[in-house]
Amino acid sequence: MALNPFFLQGSTAEQGLVQDLVNEQLRMYGIECHYIPRKLVTSASIMREVIESRFDEAFPLEAYMANTDGYDGNSDILTKFGVRSTDEATFIISRERFEQAISPFLKEDGEYTLSNRPKEGDLIFFPLGKRLFEIKFVEHEKPFYQLKKNYVYELQCELFEYEDEVIDTDVTAIDSTVQTDGYIARLVLSGIGATATASTGVVYNAVNRIFVQDDGYGYAAAPTISISTSPGTNATAVAIMTERSGIATGKSIDRILMINPGNQYTGIPTVTVPGTGIATAGITTLGSVGIVTITSGGSGYTTTPSVTFVGGVSGAAVTATAEAVMVGGTVRYIRLSNAGTGYTSVPTISIGAATTIGDGDYIFNEPVRFASSGETAMVKVWDAGSKTLDISMITAMQLQVGEKVTGETSGAEYIVKSVSYNQPNDFPNSEYVADQYNDNQTFQTEADDLLDFTEGNPFGTF
Amino acid sequence: MLGTYFYHEILRKTVIGFGTLFNNINIRHKNDSGNAFSVLKVPLAYGPMQKFLARIQQQADLDRQTAITVPRISFEMTSLTYDSTRKTGITQTFTAKNNTKARKVYMPVPYNVGFELSIMSKLSDDGLQIVEQILPYFQPSFNITINLIDSIGEKKDVPIVLEGIDLSDDYQGGFESRRIIIHTLRFTAKTHLFGAIAESSEGLIKKVDVDMYADTDRKRAKRVQRYSATPKALKDYDSDNTTVVDGAISKAVTKIKLSATTDISTGERIIIDSEIMKVRTNDTATATLTVFRGYDSTAAAVHEHNATVNILGADDDAEIEFGDDFGFNESTSFFTDGKVYSPSQGIDV
């Protein structure tokens, strides 16, 4: 039997009025939450589950919290897997507001599955309790067809269970909810450059410098410099070549530096330069700087560092001078241009600092790239003071000590000093609190004293 | 009756040994191209803990923003059962060494410790990755060697037997609650419990006397000869550093020159490096000894100039420690008194 045509039971205008009233009520009594849609990036077939999810957007949306007395659920409970929060909440949002304020953006983005309604798996950020709720069920027919239409969605939510989803909405309050959650590997970094160090001794009756009398011409390569022998240690030297203007072919001798000034010379040694060059040696009976040995070549040098000799002389003395020879970012040799005179004790060698490009601050949620292993990861927590970088989403556990790690957004660059794949139970900065459910390292440490693992931990490597 | 205090922490050690098997399990998430975009090390903890500590540690910030992070592995000890199939004689003892002392230890009591390992994962693929990395090692048991009691150096193989696997995946039902996937693996660790360990009252036997009789009639026969054996040191204990070698000594020479030989007597044993020599003659004027080389089964060796010479004497014999190699000083004597030795009184009567 047909309906009475004289009663409309809800005209479009009436429905619009009710929707407006609902919207108005929600704006007055609601809470400004954020609606965070889920992007389904990678899904698994057969098992039918989403392996990779991203949450890149957060839309402010007023919502009425139906459970006015507090969260539903059993609050916090201690389970065999540690403390679990079971807070539940029911949010009521306006159907029209969702369709006007959120749906068009989701549709335009094109990467979201379902854009016309709130969907299960999306998140709601409740700002008062700073909690991240996951929508478990969207009830769309409650209240049931008032004036032939439904005006609200009831979102039944539970607290979000986090694994390794990326939450990068640019709303700090939301992104930081999972900053210290999930699997985190810890790196300790160091600046890229390391300053070289060297040592020397004091020698007597050594060649203090070699004068180039005639720089010669036409040298295809640096000539071998010969110095007459000493009853003690023979001096050795090397020629540094240069191109002179006006001479078309070959090179000339620019200067002669000493590898070893020798010692115990009783007279001025003869310096023999093959070809057209001529050089003579100077000698000092007083103490001078001996052969310089590199203790550490350092790293990260982009320009040749200066070398200075500090202390060790007294009275009318000549301070020794030297030049560094750099190979592949490290100091390989130090050659003496003047071994100095009047040294009574061993001077300290000061080598210019390495270029430090190890600076900058990594930004939370930015991708970082590792130069040698080619791995990538996401920044969780960066502590500039202790140079501790906590990362997640690493692509393989094959990070190398000594490789460069670059922040793709911040441009920060440092060198990896140490790697720990064990999730940290604390952070160097007390601002961050770790969920201390992780005894992997504790078990390993304790077991090292107890277990006879001469046959190897079967789960130790793979 | 009971009440001798001892606590070897064997059950705790068994828990640690069991737990460490699962402390390095990783899972990988791969994208559609087959490349891993996230590798996670699965956190592991012993489930039971003090409640207030759980709250303080895991909810230091009261506003917990998420429910829990997954995946996680938890385990707990669920049972302790006597294993009669591994029973040994209850009065059987063995002697173990603790540093220099002997320890008397009763045979351990076999107990089975039940463990339940639970794996919670968000994705069923995560759970499968974890379980699949564990199962192949258990056929159905996997042995770990635990140093159960450090003081006696007692290492025991503890087989850990996989008894069964349960899978709970409550995906059915209303949409209001979350799907929770838990794999539960039940294990039995076959460990041993030790009782109190005492210092051995028996101590070390330092001397053996054997009295021999010329007749088998024990009532009338009188003892005739006594054979005595005492331990003989085969290395230097007291570092007497009596003298040093004067000039290198080859392997074959029997006349060796030392810097001085006045403190060395004929018939004494000396040790240079690890070679023992017995002194036949001693010419103190030239500080030269004539010796038997490679004595007491040691190997004759080359000795450098200034090598230390130690005397192996009674002082060294007295310091032989439990577990050391040693030889025997033997002596024989004859009796004319007709007495017998009373072991209870320790004298001849």
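Below, read A as the first sequence line, B as the second, and so on, with proteins coming before strands; counting in each chain starts at 1. All figures in this text were calculated on a predicted structure; none of them were measured in a lab.
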For A:Val433, which atoms come within 4.5 Å of any heavy atom of chain B: side chain, backbone, both, or neither? side chain
Top contributor to chain A contacts, counting heavy-atom pairs under 4.5 Å, from B:Ile119, B:Leu62, B:Asn35: B:Ile119
Counting heavy-atom pairs under 4.5 Å with chain B, which one of A:Leu132, A:Thr442, A:Thr42 comes out on top? A:Thr42
Which one, A:Ile184, A:Asn438, A:Ile46, leads in non-hydrogen pairs under 4.5 Å with chain B? A:Asn438
Among A:Gln156, A:Glu158, A:Met47, residue most engaged with chain B (heavy-atom pairs, under 4.5 Å): A:Glu158
Checking side chain to side chain contact (heavy atoms under 4.5 Å, CB included) for the pair A:Ile167/A:Ile174: CA distance, chi angles, key distance, verdict? CA-CA 8 Å; A:Ile167 301 182; A:Ile174 296 172; 4.0 Å; yes
With a 4.5 angstrom heavy-atom cut-off, could you sort out which part of B:Ser121 is near chain A: side chain, backbone, both or neither? neither
Please walk me through it: do B:His183 and B:Asp166 pass side chain to side chain contact (heavy atoms under 4.5 Å, CB included)? CA-CA 6 Å; B:His183 289 82; B:Asp166 296 322; over 6 Å; no
Side chain / backbone / both / neither for A:Ala434 at chain B, heavy atoms under 4.5 Å: backbone
Contact part of A:Ile51 toward chain B, heavy-atom cut-off under 4.5 Å: side chain, backbone, both or neither? both
If only side-chain N and O atoms count, and only distance matters, is there a donor-acceptor pair under 3.5 Å linking A:Gln179 with A:Asp175? no
How about B:Phe75 and A:Phe443: are their ring centres within less than 6.0 Å of each other? yes
For the residue pair B:Phe187 and B:Phe138, is the inter-centroid distance of their aromatic rings smaller than 6.0 Å? yes
Verify whether one side chain among A:Ser45 and A:Arg48 offers a donor that lies under 3.5 Å from an acceptor in the other. no
Bottom line for A:Val50: the part with an atom under 4.5 Å from chain B's heavy atoms is backbone
Counting only non-hydrogen atoms closer than 4.5 Å, does B:Pro71 touch chain A with its backbone (N, CA, C, O), its side chain (CB onward), both, or neither? both
Part of A:Thr86 within contact of chain B (heavy atom distance under 4.5 Å): neither
Under a 4.5 Å heavy-atom cut-off, does chain A meet the side chain of B:Glu176, its backbone, both or neither? both
Which atoms of B:Leu128 approach chain A - backbone, side chain, both or neither, heavy atom under 4.5 Å: side chain
Going through the distances and angles, do A:Thr79 and A:Arg84 end up as a side-chain hydrogen bond (donor to acceptor under 3.5 Å, both in side chains)? CA-CA 7 Å; A:Thr79 70; A:Arg84 180 189 189 97; over 6 Å; no
Taking every non-hydrogen pair under 4.5 Å, which of A:Asn440, A:Leu159, A:Ile394, A:Val178 racks up the most with chain B? A:Asn440
May I ask you to test the B:Ile152-B:Val105 pair for a side-chain heavy-atom distance under 4.5 Å? yes
Determine whether the aromatic ring centres of A:Phe137 and A:Tyr153 lie less than 6.0 Å apart. no
Return the option, out of B:Lys13, B:Glu76, B:Gln65, with the maximum number of heavy-atom pairs under 4.5 Å with chain A. B:Gln65
Report yes if the distance between the aromatic ring centroids of B:His8 and B:Phe6 is under 6.0 Å, otherwise no. yes
Is A:Gln398 close to chain B through its backbone or its side chain, or both, or neither, when contacts mean heavy atoms under 4.5 Å? neither
May I ask you to check whether A:Phe91 and A:Phe133 place their ring centers less than 6.0 Å from one another? yes
Pick one of side chain, backbone, both or neither for B:Leu53, based on which atoms fall under 4.5 Å of a heavy atom in chain A. neither
Applying a strict 4.5 Å limit to non-hydrogen atoms, the region of A:Asp181 in contact with chain B is both
For A:Glu88, is it the side chain, the backbone, both, or neither that has a heavy atom closer than 4.5 Å to a heavy atom of chain B? neither
Between A:Glu154 and A:Thr90, is any side-chain donor less than 3.5 angstrom from a side-chain acceptor? no
Does any heavy atom of chain A fall under 4.5 Å from the side chain of B:Gln58, the backbone, both, or neither of them? both
If you tally heavy-atom pairs under 4.5 Å between each of B:Asn147, B:Ile68, B:Asp32 and chain A, the highest tally belongs to B:Ile68
With heavy-atom distances below 4.5 Å as the criterion, would you say the side chains of A:Val381 and A:Asn429 are in contact? no
Residue A:Asp87 versus chain B: region with a heavy atom under 4.5 Å: neither
Distance-only polar pair, side chains of A:Asp122 and A:Tyr35, donor-acceptor under 3.5 Å: yes
Answer with side chain, backbone, both or neither: which region of B:Ile182 has an atom nearer than 4.5 Å to a non-hydrogen atom of chain A? side chain
Which portion of A:Thr376 sits near chain B, non-hydrogen atoms under 4.5 angstrom: neither
Ignoring hydrogens and geometry beyond distance, is a side-chain donor-acceptor pair present between B:Lys41 and A:Asn422 at under 3.5 Å? yes
Looking at B:Asn31, B:Asp125, B:Val70, B:Asp126, which has the largest count of heavy-atom pairs under 4.5 Å with chain A? B:Val70
Using a cut-off of under 4.5 Å for heavy-atom pairs, which of A:Gln423, A:Glu163, A:Met393 has the most such pairs with chain B? A:Glu163
Tell me the residues of residues 154-164 of chain B whose non-hydrogen atoms fall below 4.5 Å from those of chain A, in number order. B:Lys155
Any donor and acceptor pair, going by atom type alone, linking the side chain of A:Asp164 with main-chain N or O of B:Ser38 inside 3.5 Å? no
Do B:Arg64 and A:Asp435 touch side chain to side chain, with heavy atoms closer than 4.5 Å? yes
Interchain contact, B:Ile149 with chain A, by part (heavy-atom threshold 4.5 Å): neither
Any donor-acceptor pair under 3.5 Å from A:Glu403 side chain to A:Ser373 backbone: yes
So do A:Thr169 and A:His34 actually touch side chain to side chain, heavy atoms under 4.5 Å? no
